[in-house]
2 protein chains.
Amino acid sequence: MDDDAVFRALADASRRQLLDRLYQKDGQALVELCEGLAMSRQAVAKHLAILEAANLVSWRRVHREKLHFINPLPINRIAERWIAKFERRHLSALSALKKSLEGDGND
Amino acid sequence: MDDDAVFRALADASRRQLLDRLYQKDGQALVELCEGLAMSRQAVAKHLAILEAANLVSWRRVHREKLHFINPLPINRIAERWIAKFERRHLSALSALKKSLEGDGND
DNA sequence: GTGCCACGTAACCATTCGGTTGCCTGTTTA
DNA sequence: TAAACAGGCAACCGAATGGTTACGTGGCAC
């Protein structure tokens with residue numbers, strides 16, 4: 001279960017904020033992600049390493065910059081496998097519709 | 001943001017397991033929830049307290065037993081506010097339909 | 001070529017976390 | 001009424017967490 005890594009990575013508000021930033025603008029370098037945060041660059045790098053380990057963020061080196069990219073797949077997997085289970089209780093009709101739509105393969 | 005409490009509560013595998021157990025059978029007492037877990041009763045009680053604080057579990061006293069009940073609302077709220085955002089990238093058409101079905105009307 | 005800039009690594013620190021043990025209170029039940 | 005049972009409370013402990021400071025490395029620009 002590396003779902004655990006994802007849950008743990010999402011448990012920290014600073015890391016969720018970093019994901020938020022990457023969601024708003026993908027492919028940011030480390031220094032860029034640090035701007036405005038009350039945290040040292042090294043602390044941000046540690047958070048990003050944890051997000052990486054959970055496969056929520058990947059990166060690519062461009063010259064001397066390390067550009068970070070968000071990967072929503074683990075979150076979706078958790079949403080599907082875990083959260084949908086609880087949602088089903090309340091939104092069974094909607095969920096059924098959702099599932100049938102997903103079966104249609106529209107994207 | 002008490003979303004933070006929910007994320008943190010979900011970050012621990014033991015707590016997710018407890019939620020799973022309550023999902024399978026709601027209204028269990030403390031000793032019942034302890035069965036088969038490699039953990040003391042007090043440890044389980046602490047986990048349940050954290051789930052309570054995150055509003056994921058509520059309880060009712062019946063005689064000398066403390067019966068626990070699962071509350072999926074915080075999970076749904078997170079799914080709506082946070083996870084759907086990432087999902088939207090991939091399933092934008094579906095998400096729009098889902099939103100309109102929920103009467104959100106927000107695009 | 002020198003210095004700045006983006007990043008990496010490592011040591012260190014305080015706090016939180018997950019768990020324990022020990023003991024106490026109250027409620028059933030034999 | 002005594003014992004067993006469900007749970008509460010608090011002290012304690014090691015390890016993980018979130019952060020810092022200090023210093024090292026390599027690319028790019030002047």
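Keep in mind the model is a prediction, meaning the values are calculated, not measured.
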Legend entry - Whether D26(B) side chain and I70(B) backbone form a donor-acceptor pair below 3.5 Å: yes
Legend entry - Nearest-angstrom distance from the residue atom CH2 of W59(A) to C1' of dC7(C): 11 Å
Legend entry - Given DNA chain D, 5'-ward residue of the pair L67(B) and A11(A), judged by closest heavy atom: L67(B)
Inset, instruction - Give a yes/no on whether any side-chain N or O of R8(B) is located under 4.0 angstrom from OP1 or OP2 of dT16(C). - result: no
Legend entry - Among dA6(D), dG8(C), dC28(D), the nucleotide that comes nearest once only the side chain of V31(B) is considered: dA6(D)
Legend entry - Partners passing side-chain hydrogen bond (donor to acceptor under 3.5 Å, both in side chains) against H47(B) (at least two apart in sequence or in another chain): R15(B)
Legend entry - Flag, side chain of R41(A) to backbone of C34(A), donor-acceptor distance under 3.5 Å: no
Inset, instruction - Please list all pairs passing the salt bridge (Lys or Arg N to Asp or Glu O under 4.0 Å) test where one or both residues lie in residues 46-59 of chain B, with sequence neighbours left out. - result: E52(B)-K66(B)
Legend entry - Contact nearer the 5' end of DNA chain D, comparing E65(B) with D12(A): E65(B)
Legend entry - Shared hydrophobic cluster for L30(A) and L51(A) (ILVMFWY, side-chain gaps under 4.5 Å): yes
Inset, instruction - Establish whether Y23(B) and L19(B) are linked, either directly or via other cluster members, by ILVMFWY side-chain heavy-atom contacts under 4.5 Å. - result: yes
Inset, instruction - Treat each ILVMFWY residue as a node, draw an edge where side-chain heavy atoms are under 4.5 Å apart, and state whether L22(B) and L37(B) are in one component. - result: yes
Legend entry - Nearest-angstrom distance from the residue atom CG of L18(B) to P of dG19(C): 10 Å
Inset, instruction - Could you list by number each residue of residues 48-57 of chain B showing a heavy-atom separation from DNA chain D of less than 4.0 Å, or answer none if no residue does? - result: none
Legend entry - Residues that D20(B) engages under side-chain hydrogen bond (donor to acceptor under 3.5 Å, both in side chains), provided they are two or more places apart: K85(A)
Inset, instruction - Determine yes or no for a side-chain-to-main-chain donor-acceptor pair under 3.5 angstrom, with H68(B) supplying the side chain and Q28(B) the backbone. - result: yes
Legend entry - Sub-4.0 Å heavy-atom contacts from residues 34-47 of chain B onto DNA chain D, ordered by number: R41(B), Q42(B), K46(B)
Legend entry - Interatomic distance, D12(B) atom CG to D4(A) atom CG [nearest 0.5 angstrom]: 7.5 Å
Legend entry - OP1 or OP2 of dA6(D) under 4.0 Å from side-chain N/O of H63(B): no
Taking N or O atoms only and anything under 3.5 Å, show me the protein contacts with nucleotides 1-5 of chain D, one pair per line.
unit_1: dC5(D); atom_1: O2; unit_2: R64(B); atom_2: NH1; d: 2.8

Legend entry - Distance in angstrom units between L33(A) CG and dA6(C) P, rounded: 13 Å
Legend entry - Same apolar cluster: L67(B) and L48(B), side chain cutoff 4.5 Å: no
